[in-house]
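Beneath this line is the structure, given in structure tokens, with notes to follow.
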Amino acid sequence: MSQGTLFYEGKAKKIFSTDRLEEVLVYYKDDATAFNGLKKGTITSKGVLNNAISALFFELLEKNGVPTHFIRTVDDRTMLVKRLKIIPLEVVLRNLAAGSLAQRLGWTEGRELPRPVVEFYYKDDALGDPLINHYHVAALGVATGAELAFLEETGLAINRILVRHLAARNTILVDFKLEFGRSQGQIILGDEISPDTCRFWDASTRKKLDKDRFRRDLGSVEEAYQEIYNRLK
Ligand code: TMP
Ligand code: ASP
């Protein structure tokens, strides 16, 4: 496997081709953005930590029967993954009210939801990734009803696995975002699972250990990412 050309650069990652059509390299950058790219910065060593943290979560999910794009870690900022045709939906799972849900419902951050909430957002930067429902998904034609049901069930299953794993490490999984893609007729989990894409709170103090420290200028951003890695490794 050798690194080919850069064919996609996102806000936090770069994707390179390899000598195999069905595999790509994901390179994790230190760049951080928030609010649809309006706020920009860097978080020292974020790429290294997110690569390592995502690898641990993907391995955990695979062990629990959830297919993911992860193949193996290549170096401290790079992982080899299966090439997917990404479904342009962000699947968000929530256990406690926070962020945009707390705003939408007028709930205090940290209020427990009676059962996990699943949301779909349409991945479109120009539109600011709007919240959509299953009628919108059907109108957009980005997934069938059966596929959407599969995304919802898989998201809930992933939530159960991650909540249990993190609770054993004194960490609350408040909410997180998943992206899925198609590969050889199968839908599998792609993207990353990291403090960039999840809200993690310390279970004793409720201290935020995720990208909200960057979004909200709370300080100790690198330390929070490192702390999550230390709890998982
Ligand atoms: P939200 O409360 O801002 O809607 O975010 C819900 C979860 O999704 C939170 O864990 C952060 C994650 N997320 C992303 O990974 N990317 C995004 O662009 C946004 C808005 C949220
Ligand atoms: N990553 C997203 C952006 O750049 C938003 C976020 O994570 O808050 O806009």
Side-chain angles (χ1 to χ4, degrees), residues 8-15 26 28-43 46-47 49-51 53-54 57-58 68-69 86-113 116-133 136 151-152 154-156 158-163 165-166 171-181 189-202 206-218 221 224-225 227-228 232:
Y8 179 78
E9 178 156 9
K11 293 176 201 140
K13 299 188 286 297
K14 294 182 192 181
I15 314 290
V26 179
Y28 287 79
K29 304 191 283 185
D30 286 350
D31 299 349
T33 66
F35 316 117
N36 201 18
L38 281 176
K39 179 177 176 134
K40 290 190 172 71
T42 51
I43 300 171
K46 174 169 85 78
L49 290 164
N50 280 1
N51 184 38
I53 292 167
S54 289
F57 279 130
F58 285 135
T68 78
H69 70 159
I86 286 288
I87 298 169
L89 295 174
E90 297 192 340
V91 182
V92 170
L93 276 291
R94 302 180 183 271
N95 299 301
L96 272 59
S100 69
L101 179 88
Q103 278 199 328
R104 182 170 298 110
L105 300 187
W107 284 24
T108 311
E109 272 210 329
R111 178 164 161 189
E112 210 159 317
L113 295 161
V117 165
V118 187
E119 295 171 343
F120 298 100
Y121 292 83
Y122 182 37
K123 257 173 80 72
D124 185 316
D125 280 341
L127 297 176
D129 299 342
L131 176 70
I132 58 173
N133 67 24
H136 300 121
L151 296 183
E152 194 172 318
T154 307
L156 287 165
I158 291 170
N159 186 47
R160 287 190 290 272
I161 296 163
L162 298 186
V163 163
H165 191 74
L166 285 156
T171 306
I172 299 171
L173 180 60
V174 175
D175 56 33
F176 60 103
K177 185 261 296 183
L178 302 170
E179 293 183 27
F180 294 84
L189 181 66
D191 196 48
E192 65 179 283
I193 306 177
S194 73
D196 271 15
T197 62
C198 305
R199 287 194 172 96
F200 300 119
W201 291 358
D202 179 85
R206 298 213 154 189
K207 182 179 175 188
K208 296 184 198 311
L209 297 171
D210 57 61
K211 195 176 164 190
D212 270 349
R213 303 204 70 81
F214 168 78
R215 295 188 189 98
R216 305 180 188 189
D217 297 318
L218 300 175
V221 185
Y225 282 64
E227 178 61 26
I228 288 298
L232 292 168

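Computed from a predicted model, the values in this text were never measured in an experiment. Atoms within each ligand, like the ligands themselves, are counted from 1 in listed order.
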**Message:** Exactly one of Asp196, Asp30, Asp125 should register a salt bridge (Lys or Arg N to Asp or Glu O under 4.0 Å) with Lys11. Which one does?
**Reply:** Asp125
**Message:** Can you tell me which residue among Arg94, Arg206, Lys208 is in a salt bridge (Lys or Arg N to Asp or Glu O under 4.0 Å) with Glu109?
**Reply:** Lys208
With a 3.5 Å distance limit and no angle check, can you tell me whether [X] reaches the backbone of [Y] through a side-chain donor-acceptor pair?
X	Y	value
Lys211	Thr33	yes
Asp191	Leu178	no
Lys39	Phe214	yes
Arg213	Leu218	yes
Lys46	Pro195	no

**Asked** Does the side chain of Asp129 pick up a donor-acceptor pair with the side chain of Asn36 at under 3.5 Å?
**Response** no
**Message:** Please output the residues near ligand 1 using a strict heavy-atom distance under 4.0 Å, listed in chain and residue-number order.
**Reply:** Val92, Arg94, Ala98, Gly99, Ser100, Tyr121, Asp175, Phe176, Lys177, Asp196, Thr197, Cys198, Arg199, Arg215
**Complete:** The answer, listing residues by chain and number that come under 4.0 Å of ligand 2 through any heavy atom, is Lys11, Thr33, Ala34, Phe35, Asn36, Gly37, Lys211, Arg215
**Prompt:** Are Glu227 and Lys207 ion-paired here, with the side-chain N under 4.0 Å from a carboxylate O?
**Reply:** no
